[in-house]
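Everything below concerns the one structure shown next.
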2 protein chains.
Amino acid sequence: MGTRERRQREFAEREQRFLDHARQLICDNGLLNLQMARVARGCDYATGTLYQHFASKEDLLLALNSHLVASRVELFQRVLDWAAPSRERIIAIAVADIIFARQYPEHFRLAQYVTTEAVWRTASPERRNQSLETGRPLGECVGQIVRDAVQAGDLVDQGLNPYELIVGNWTMAQGMHTLVHAEGLLDQYNIREPYRRLLTHQQLLLNGMGWQPVKDAWDEQALNDLLTRIHQQVFPDREDPLSCMAGAAPSFQDNPESL
Amino acid sequence: MGTRERRQREFAEREQRFLDHARQLICDNGLLNLQMARVARGCDYATGTLYQHFASKEDLLLALNSHLVASRVELFQRVLDWAAPSRERIIAIAVADIIFARQYPEHFRLAQYVTTEAVWRTASPERRNQSLETGRPLGECVGQIVRDAVQAGDLVDQGLNPYELIVGNWTMAQGMHTLVHAEGLLDQYNIREPYRRLLTHQQLLLNGMGWQPVKDAWDEQALNDLLTRIHQQVFPDREDPLSCMAGAAPSFQDNPESL
DNA sequence: ATCAAATAGTGAATTTGGTTCAGAATCCGC
DNA sequence: GCGGATTCTGAACCAAATTCACTATTTGAT
C-alpha cells in the first residue's frame, strides 16, 4: 500500500511549492517584506498549514537557503569536472562564486542574512543541520580539487587537511561578498573592481602557498585570458566573468527579479 | 547665552544613556530580545522620547554599533604607533581584530547583523553615513601602515592604492569571523584553530605579495614568538592572543557579559 | 512675575505580522 | 458507511514596533 508514500510525496511537493512561492515573493518585494500569511495564501493554503512545514519564519528562510544552494552546487560541479590544472580550477571556483553572486543577488542577501548568528540560532537545530548538509557538496568539490593538487604535486600539504589548506581562499571570497554588499563601504576607500581584486589576491595567496605553477599574479592580461577561457570552457551559458567584475553590486532596486 | 548648548549637551547625554542601556540589555538578554520600550523605560523615559533619537530599532542598533567601534579603534591605534617592521604591524592588526572578536563577541554579532544588507538598508541614510564615518579610522590605521610599507620599500604598490593592496587581508579576516560564528560549519570540515589558520594564511598572502621581509609562513614556532611579542609590546593588558587562537567562538551562553 | 507660543515628553492606542488552536473537514481501516 | 485519527483552516491571540493626541515644560516678550 502506497498511501503513506503518496502522502509523504504530496507533503514534500507542497513544501516545494511553499518555498518556490516564498522565493517569488522575496524577488518581488525583498527579503524583509516577506510575510508568512502571504506565502500560505499565495499557495491557497491557510497560515496554519505553512506552520506544519516550518517551525518559524527563520526556519523557512533557512530551508529556502538550503534549497537554493543546489544551483550553486551545479556550477561548482562543473569546475570539478573540468580537465585543467588544479590552480586554474581553484580560480574557476572563485569565478563560479562570483558569477553566482551576480546572477542571484537576492540569494546572496538571503545567505548572508541567515548565516548571521542572530538568525542562525533562531532556526531549529534540524534545519541548521539540513543547511550544513546541503552545503556540504560545495565544500567537497573544493576539497577534491585540493586533494588532486596535492596528489599531482602542485601543492605540499604541510600536515594540514584540504579544508585547512584552502580556508584562506574561502574566507577571502566570503569576506569580499560581505564588503561588496555593504553599500558605500568600498567606495569610501576607493576600492575599484572588487571582484577583480579578489581574484588577484587569490592568485597572490596561491603563490604564497607555493601552489604550482606559480604565476605572475599582477599580470592583468593573463588574468583576462584565463577568465575568457573559464567562461568558454566551463560557463558558456552564463554571464561573462569579465563583465561581472565591472561595476558595483546590483542593488535590489536595479534588479528585483533575482533569486 | 548657553541655553541652546546646554540643551544640546543634555540631548547628547541622554542619547548616550539610551545607548549604554541598550548595550546592557543586549548583554543580558541577547540581540534579538532587545525591546525599544524597555530601553526607554530602563532610562526612565517614555517610548516616544526614544524615537526622538532613533528613527527605528535598526537605527538604534546601527548607532550602537558606531558607538562601540571606538574601542576597536583604540586597539588599532596602538598598532599604528608600534615601532616595528610594517609586516609585523599588519599581523598585529589581524591580532587586534581577533582579540577584539574574542573579548566582545556580542559586539561582533551586532556588527555582523547590522552590516547585513537586509538591516543596513533599513536604517536611515544619515545613520549609515555616521557608521561609515566612525569606522573610517580603522581603515585609516591600516592604510597608513600600508603607506609606510611602500615608503620603506617593503612593498611595491603595483599601481594600486593602499586599500586595494590590503583588501585581501581585510576580506580574509572578515570572512573568517563569519565562518567562525556560523556554528557547526568549521567543525564539519575539521578546520581546527581557525584564527591560527587565519594568521598563517595572512602570512602566505603577504609572501605572495612580496611583502618584505618574506617569512616562512609555515613555521609555527616563529608565529608563536611573534604573537608573544605582540602581546607583550602592544596588548599587555589584553588576553594572550595565543589563548584566543584555541577553541571555538564563545557563545552567548558561555559569556553573556560581553559587549 | 505673567502669559502665550514653541518645544519636548508621555504612554495609551494603533498597527503589523508572526504564531496558535479550537473547531471543521477529510481520510482511513474496518 | 462508521468512528476515530489526522489534517486543514483562519480567526483570534499576542508581542512589540511605531505613532500621535494630549500634557508638561521652557522660552522670550511684556
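Atom set for the values below is all heavy atoms of this structure, side chains included, hydrogens, waters and symmetry mates excluded. All chains are named by letter (A, B, ...) in the order of the sequence lines, taking the proteins before the strands, and each is independently numbered beginning at 1.
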| What is the distance from CG of B/Leu50 to P of D/dC20, rounded to the nearest Å? | 17 Å
| remark: Per-nucleotide protein contact along nucleotides 8-20 of chain C, 5' to 3', at a 4.0 Å heavy-atom cut-off (B base, S sugar-phosphate only, - neither), is SSBB-----SSBB
| note | To the nearest angstrom, the CD-P distance between A/Gln8 and D/dT6 comes to 15 Å
| Under 3.5 Å, side chain of A/Asn161 to main-chain N/O of B/Asn190, donor-acceptor pair present? | yes
| request: Please confirm whether the backbone N or O of B/Asn169 pairs with a side-chain atom of B/Gln202, one donor and one acceptor, at under 3.5 Å? | output: yes
| query | Which one of A/Val95, A/Leu199, A/Leu198 satisfies the side-chain contact (heavy atoms from CB on, under 4.5 Å) criterion with A/Met245? | reply | A/Leu199
| task | Write out all pairs satisfying salt bridge (Lys or Arg N to Asp or Glu O under 4.0 Å) with one or both partners inside residues 63-75 of chain A, taking only residues at least two apart or from two chains. | result | A/Arg72-A/Asp97, A/Glu74-A/Arg78, A/Glu74-A/Arg238
| Regarding B/Asp20 and B/Gln24, is there a side-chain donor-to-acceptor distance under 3.5 Å anywhere? | no
